[in-house]
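Okay, so here's the structure we're looking at.
In what follows, residues are counted from 1 in the order of the sequence shown.
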Amino acid sequence: MARTEPATRPSEARLRLLSTATRIFYAEGIHSVGVDRIIAEAKVTRATFYRHFPSKEDLILAYLREVHEMDRRAIDAAIATNPASREPLLAIADSIAQNIQSPGFRGCAFLNAAAEYPDTDHPVRQEIIAHRQWFLDTLTTLMAQVHEETADPAARHFVMLRDGAMAAGCLFDPALVSETFLRGVEGLLRINAERQSTESTR
């Protein structure tokens, strides 16, 4: 029987570079932060940086993939602990609301990056689109448990509520924005659950 080789653990330098970039890119934007700043704050040499990331673009893509993985883990946890009907969607909404109220909140990392990369053919933009499609597909699958026929438009509605809350959370009282967002999601789910209930009694 063939032995499975253990996965190679990323080097400490790579982890430090990615952690530093994730913090600064999110807080200050991508274009405004140069490679020299990342190298200095991560306390690595220029040669070490380019050994792990041949270009700044490679680091940006790694940053977005890291944020995607954080989002995926949060949503997977919400689904695992709330498997029935509307519960996972409410748990996801609650996670988003908590994020909006967290210290250092600066909106959606992917929407922020999209504003800096308008070219739809750019690799960074493609990474953003892939993340957005994954999020929409995940919500559509969950919405189908509430009301299958309206799962797609309901999932898109959820995404729009989320995007609006992410933008508003940077401009207005985060607690009020979170409460408004949660009420919007609850109303959306209630309407679709009532549709399902009505159809099942026909």
Task: Arg106/Glu28 ion pair, N-O < 4.0 Å - done: no

TODO: Inspect the contact between Arg190 and Glu186 and indicate whether a charged nitrogen and a carboxylate oxygen are less than 4.0 angstrom apart.
DONE: no

TODO: Before giving the answer on ring pair (Phe, Tyr, Trp, His ring centres under 6.0 Å), spell out for His68 and Phe110 the whole-Å C-alpha distance, their side-chain angles and the decisive distance to 0.1 Å.
DONE: CA-CA 9 Å; His68 168 77; Phe110 290 93; 7.1 Å; no

Side-chain donor-acceptor pair present, [X], [Y], cut-off under 3.5 Å:
X      : Y      : value
Thr48  : Thr45  : yes
Ser55  : Asp58  : yes
Gln133 : Asp137 : yes

TODO: Determine whether Leu17 and Tyr50 fall in the same hydrophobic cluster, where Ile, Leu, Val, Met, Phe, Trp and Tyr are linked whenever their side-chain heavy atoms lie under 4.5 Å apart.
DONE: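 Yes; tracing contacts between hydrophobic side chains, which count when under 4.5 Å, links both residues.
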
Open item on the list: Taking salt bridge (Lys or Arg N to Asp or Glu O under 4.0 Å) as the definition, give me every residue that meets it alongside Asp36, ordered by chain and number, with sequence neighbours left out.
Closed with: Arg46

- [ ] Not counting sequence neighbours, which residues clear salt bridge (Lys or Arg N to Asp or Glu O under 4.0 Å) with Arg72? List them please.
- [x]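 For Arg72, the residues satisfying salt bridge (Lys or Arg N to Asp or Glu O under 4.0 Å) (neighbours in sequence not counted) are Glu69, Asp76.
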
Open item on the list: Does the structure place the NZ or CZ of Arg14 under 6.0 Å from the centre of the six-membered ring of Phe49, at an angle of no more than 45° from the ring's axis?
Closed with: no

TODO: Sequence neighbours left out, what passes ring-ring contact (aromatic ring centres under 6.0 Å, His included) with Phe158? Give chain and number order.
DONE: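 With sequence neighbours excluded, Phe158 shows a ring-ring contact (aromatic ring centres under 6.0 Å, His included) to no residue whatsoever.
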
Task: More than 12 heavy atoms of other groups within 6.0 Å of Arg23 CZ - done: yes

